[in-house]
Each structure stands twice: as structure tokens, then as C-alpha cells.
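Below: the structure, in C-alpha cells.
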Amino acid sequence: MRTVALALLFLLLSVIAISRAPGPDALLFSLDNDSVMRLVMIRDLLNGQDWFDLSQVRLGVDGGSEMHWSRLLDGLLAALISGGGLVFGPLLSEYWVMMLWPLAMLGLAMIIVFWIGRALDGPGTGAFAAALVGLSLVTTARFAPGGIDHHNIQLVLLLTVVMGLVVRRVYPGWAMVSGFALAVSLVIGVETFPLLALCGLAMAVFWVVDGGGERTAALRFSTSIIAGLLVLFPLTAPASAWQGGFCDGISIDLVVVAGGAAVGLALAAAMVVRGDWVTRLTVVAGVGVVCCVVALLYAPACLSNPLASLDPYLKSRWLDIVSEARSFSDVLSGSHKDRFYLGFFCLGVVAVGAAVHIFRRGPNRLEWAFLSVLIVLATALTAYQLRSYLTIVVLSAPPIAAVVARLSKAGGSGVGRWRAIAAPTVFALAVPLTWAAGLSLVDPDAGSDPAIAASSGEAIVRDECLVPGVFDSLADQPPGLVSAVSNMGAEILAFTPHRVLAAPYHRNQAGMRAQLEIALASNAEEARAHMQAVGVDYVVVCASDPEMRALEKLGYSGFLRELEQGVVPEFLTPIPVSEPESPLRIYKFQSKQPEA
């Protein structure tokens, strides 16, 4: 019965999401930058770009920029689009893959969380956990129709790793699935690397506590990580990944660190057959010391934030206005809109408290302790950068659901009538939609923030500059280099044959800096000099662009802001816009001085 109810809930959420989604012409204008850029990469792959070439040749200054993403996800989505194209045609196939992929990830997340909750605390907890995850994720951009970036599948893979560790004793084969899912996740992206590392450490702790009982699980978990990396890295790694020196994506550095740790655990579990927990702890500690030394000497990039080496010019003028790069302190000092994110921190704290309370009184104590530490780390990572907030949501679901299940059971049996009211109240407060609704009552303008709008169920509109057909006239121009704010970069690549200086990716530092130097030039002549230096052909601006407004709040303004306000220098010639209702404006740059 619970399974049928969850299936109906998923079907209902999917129908609502699809019915509210834009049509084929408008979908790309409602998406985040990563999803649009992923589609650009997939199109390039289908059009013949080499499998091992991750360069986005139309992004940045001459030569393009190599992306830090993985061909594994590109290839899977490209295969789906190509296969569907045989039946529906390429454009319609592309549209429906983008519509259904995130919903498939949502369904998988609900199924996996159901099994985690069921294994930890029974089917009632599993059902409530799955419902919490479904209602919480469907209103986010990561899982809404069109969301084809790597974040949704990374959450699903993280949950798969957790599930395999939770059920490893009852279903030994899942330890192998867990290890392989960890390897796949690392190949796709490294955003969840700290959480995955903690999962590996947890498996080592399980083996230390119960050597004989956990030996098989430890061997299966570690060897499947090794096998996954040995197979997937050569199949997907570009030449730069073999050279190493970075850890913002899959590289030989990351393979050595993660694979080395897995080898150490496998050797320890295979060779230390006898001995007490002290012996096993000593061996694991030795493996850990060796891994730390290897990381320090061979892969120091894996021990630091990839953005730490960002050009200070870009940090102050770009990174500081990126919403997902904000920290907990930024939230506390921000507006009501920023304080929406406080709900995630409260959720994490309550979930840890619930998990600790349960593991102190019931079975599966090690598993509950593992989950509580995982939530603590997810909350700490979110406090450092808000981009991790969805990990709190999915990992908090089982302990919150366990509380709801207990309250519901007690209320239904007549033991404390208040608990019958408390159960749905706790459930509702754990869903971000509730906080969004409450915040909208405090601040009626809060819905204009994309994160809050998404969580309140409103359609996401990037801004009024981006409407279907707005780039048609630009696309008709001879191919050239476009100067535009970074938030328009992915769309210009998707809808035109042109190159763009900027899109919000940290590896394109030269292009990002060149664009900002043009935008923030103190006068038109300085901007002109910057444009000539990099070979700009077109300039695209929009009076309602949020990026320049955000920079202006930080005290940065200049040429592009004046251009947005209608001050057009003589070296820019207007090009008629396809959609006159849009505030977007397109100009042709005349590099030569006009004759006197």
C-alpha cells in the first residue's frame, strides 16, 4: 500500500512539473547556466567533437576553455537524445530528454531514500522519507524539467553509496554497488567528494569495530571503487586529466588519492584476518597517514578549494556575487531572501538530533551514527558554501521521517492525541515549500529570488531579458566574438554560432576578466581598447540584467552599466532585436575610428 501511495505521489509530482514547464521554444530560457552549458557540450559531442576533448572552443579568448565536467554524463544524455531522435526528431527528442531526465533522478532519489529509511527504521519511516524527498526536490531547479547538469545525479549516487553501506550486512552485494557508485560519482564531478570520503571512512570504521563481520563488505566496497576508477577514468579522461595538477574534476591526482585509499582498505581487510579492534584501528590509521602523505606530496590540489587560486580581480567582481558561493555568515547578514537558507541549517540540526536520539535507544546504532555524522558534514559544507544545501535535504529525510513515523504511530494508537497533530506538523516544517510560503508573508518581494521562487513552486524565469527568439537577429550575423555578461554566455552559445567571452566557469578566467574589464571600464575609450585587445565583434546588454545591478551594489560600475541605460558610443552600431518587447540590446562593434 505504501509503495502504491509513493508511486502515485511521484506520478502526481511529475504531472504537475511537466504541466508547468515551458514549451520547447522557451525551456532553455528558464534553466540555470549549467544545464544550458551541458546541452551545448552534448550538441558539440553529437556534432563530431572528439570524446576526449572537453574544450568549449567558443568560450573565452582564442583557443576556448576546457570544462571540468565529465563525458560520462554527456555520453549518456547524448545517447538518449540520439536514440529518441530516430523517432521524434532531434529537437523534440532533446526537449523530452531534458524534461524527463531530472524527473527520473527524482524517482530514483525517492526509491533509494525509501530503502534507506526502511532498512534503518521500518517501512513507515521509509515511506515518509521518500515523500519528504519528493516534495522537497521537485521544486528545485536541479530536479525540475530541464535540469540536466550533474548535481541531480550526484545526489542520487551519494544516496546509493549511503544505502549500500546501510544495508551491507543484510544485502552483502550492495557493498559492491555502493563502492562502484562512489567511483562513478567521482568521475562525474567532485562536489560531493568530502561526503564520499566520509562514506569510505565509515566503511573502514565498520571493519575496525567488527572485523570478521565486516570483512566481506569492506573487500567488496573497496575493490569495486578500484575497479570503477580503473575502468571509467581511462574511458572518460581528457589528456589534461592524465597530466594532473588539478582536482576540480576527475584527474590522475584524484584517482591516486581515492584509489590509493581503497587499495589500502582492501589490503587491510584481506590481510588482517586475526587480531582485535586495536590492531585493525592501528592498520587503518597507518593507511590514513600514508594517504595523507601521498595527497600532500603528489596531489595537494585535492586538499584545497579549487576556487582558492581564483584571480583576486574575479573573486571580488564575480565570485562574491554568485549566490551558491555564499556562506552561512553571508546569510545571517543578508536580507529576508537570504535567510530562506537558514531553514536548511535548522533542518540539519534537527535531523542530527533525531538521529542521535534514535541510535542511542534502538537498533542499527552504527548506521544511525554514520548518518548523523554525514549530516553534520553536509551542514558544515553548506555553511562554507550554500551550493551543498540539497545534501542536507536528502540526508536529513530518514531521521526526520523516523520522528514523523513514531509520532504518527503514537497518535494513531491513542497515546497522546497531540502527537497526531505533531506528526503532520513536523513533516510540513521539513519541506522547504513551507519556509518559502512563510517568508513570502514576511517579505512579499521574496518570491523574486530564484531560489525562493523555485521552492514555492513558481516557474523560474532567469530575467526578462531572456525570452524566446531574442537572439535570432544575433544568430543571423556573421560568426564573431560576443561581449556580454556571464549569465548570458551559455544562452548565446546555445542559440547562436558565435563565441562568447564569458560564462560563469572558473576555468575561463582570461575570458571572464576580459569581459569584466570591458563592463567596468571607466569610460568608452577604455572599453573600446579592451574590446580591440581581445577582438570583440558584438556587444549584448540588457537594462534589467541582475548581474550588473549586483556589481553596482558592491560599488562596481562603468561602461556596460551606462550602455544599459542608453548611453551608446559612436563605435557601437545597433542591430535590431528580434523581440522588440525585450529590453535586450545588440550592437556591432566598429573597431576602426570613424572618419572625421
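Worth knowing before you read on, the calculation uses all heavy atoms, side chains too, and leaves out hydrogens, waters and symmetry mates.
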[X] side, atom [atom1]; [Y] side, atom [atom2] - distance, nearest 0.5 Å:
{"X": "C247", "Y": "L303", "atom1": "SG", "atom2": "CG", "value": "8.0 Å"}
{"X": "N152", "Y": "L157", "atom1": "CG", "atom2": "CG", "value": "10.0 Å"}
{"X": "L186", "Y": "L72", "atom1": "CG", "atom2": "CG", "value": "12.0 Å"}
{"X": "M163", "Y": "W115", "atom1": "CE", "atom2": "CH2", "value": "8.5 Å"}
{"X": "F114", "Y": "L6", "atom1": "CZ", "atom2": "CG", "value": "6.5 Å"}
{"X": "T216", "Y": "R220", "atom1": "OG1", "atom2": "CZ", "value": "6.0 Å"}

Can you give me the closest heavy-atom contact between [X] and [Y], atom names plus distance?
{"X": "A204", "Y": "V284", "result": "CB-CG1, 4.1 Å"}
{"X": "A144", "Y": "P102", "result": "O-CG, 3.1 Å"}
{"X": "G259", "Y": "I226", "result": "O-CG1, 4.3 Å"}
{"X": "F193", "Y": "C302", "result": "CE2-O, 4.3 Å"}
{"X": "P194", "Y": "L377", "result": "O-CD2, 3.5 Å"}
{"X": "E367", "Y": "L120", "result": "CB-CD2, 3.5 Å"}

Check: [Y] and [X] side chains under 4.5 Å, non-hydrogen atoms:
{"X": "L28", "Y": "M98", "result": "yes"}
{"X": "L73", "Y": "L77", "result": "yes"}
{"X": "L132", "Y": "V431", "result": "yes"}
{"X": "W69", "Y": "D34", "result": "yes"}
{"X": "I225", "Y": "F221", "result": "yes"}
{"X": "D121", "Y": "R406", "result": "yes"}
{"X": "P399", "Y": "I375", "result": "yes"}
{"X": "D330", "Y": "S327", "result": "yes"}

Problem - side chain to side chain contact (heavy atoms under 4.5 Å, CB included) partner of V373, the single match among V205, L201, V352, L198 - result: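 That would be L198; it is the only one of V205, L201, V352, L198 passing the side chain to side chain contact (heavy atoms under 4.5 Å, CB included) with V373.
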Practice task
From the options T379, L332, V350, select the one residue that forms a side chain to side chain contact (heavy atoms under 4.5 Å, CB included) with F345.
Solution key: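 For F345, the side chain to side chain contact (heavy atoms under 4.5 Å, CB included) check succeeds only for T379.
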Practice task
Apply side-chain contact (heavy atoms from CB on, under 4.5 Å) to the pair L159 and V113, showing each step before the final yes or no.
Solution key: CA-CA 7 Å; L159 290 172; V113 168; 3.7 Å; yes
Practice task
Please report the C-alpha distance between V322 and W318 in whole Å, then the side-chain angles of each, then the deciding distance to 0.1 Å, and finally whether the side-chain contact (heavy atoms from CB on, under 4.5 Å) criterion is met.
Solution key: CA-CA 7 Å; V322 176; W318 169 56; 3.6 Å; yes
Handout entry: R168, R169, R215 screened by salt bridge (charged side-chain N to carboxylate O under 4.0 Å, His left out) with D210, the one that passes
Key =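 Only one of R168, R169, R215 forms a salt bridge (charged side-chain N to carboxylate O under 4.0 Å, His left out) with D210, namely R169.
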Judged by atom type as modelled, is there a donor-acceptor pair below 3.5 Å linking the side chain of [X] to the main-chain atoms of [Y]?
{"X": "R387", "Y": "A325", "result": "no"}
{"X": "S408", "Y": "A423", "result": "no"}
{"X": "S136", "Y": "V133", "result": "no"}
{"X": "S185", "Y": "A181", "result": "no"}
{"X": "W174", "Y": "L165", "result": "no"}
{"X": "S70", "Y": "V187", "result": "yes"}

Problem - Chi angles and distances behind the side-chain contact (heavy atoms from CB on, under 4.5 Å) call for L155, V393 - result: CA-CA 10 Å; L155 284 174; V393 172; over 6 Å; no
Practice task
Evaluate side-chain contact (heavy atoms from CB on, under 4.5 Å) for W101 paired with I153, printing each intermediate quantity in order.
Solution key: CA-CA 10 Å; W101 174 263; I153 192 172; 3.9 Å; yes
Exercise for the section: Could you tell me whether R142 and E324 make a salt bridge, using a distance below 4.0 angstrom between a side-chain N and a carboxylate O? Expected result: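 Yes.
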Handout entry: Residue from D149, D32, D74 passing side-chain hydrogen bond (donor to acceptor under 3.5 Å, both in side chains) with R38
Key =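 Going through the options one by one, the only one that passes is D74.
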Exercise for the section: Hey, can you tell me if Y341 and Y389 have their rings parallel, tilted or perpendicular (30° and 60° cut-offs)? Expected result: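 Because their plane-to-plane angle is over 60°, the rings of Y341 and Y389 count as perpendicular.
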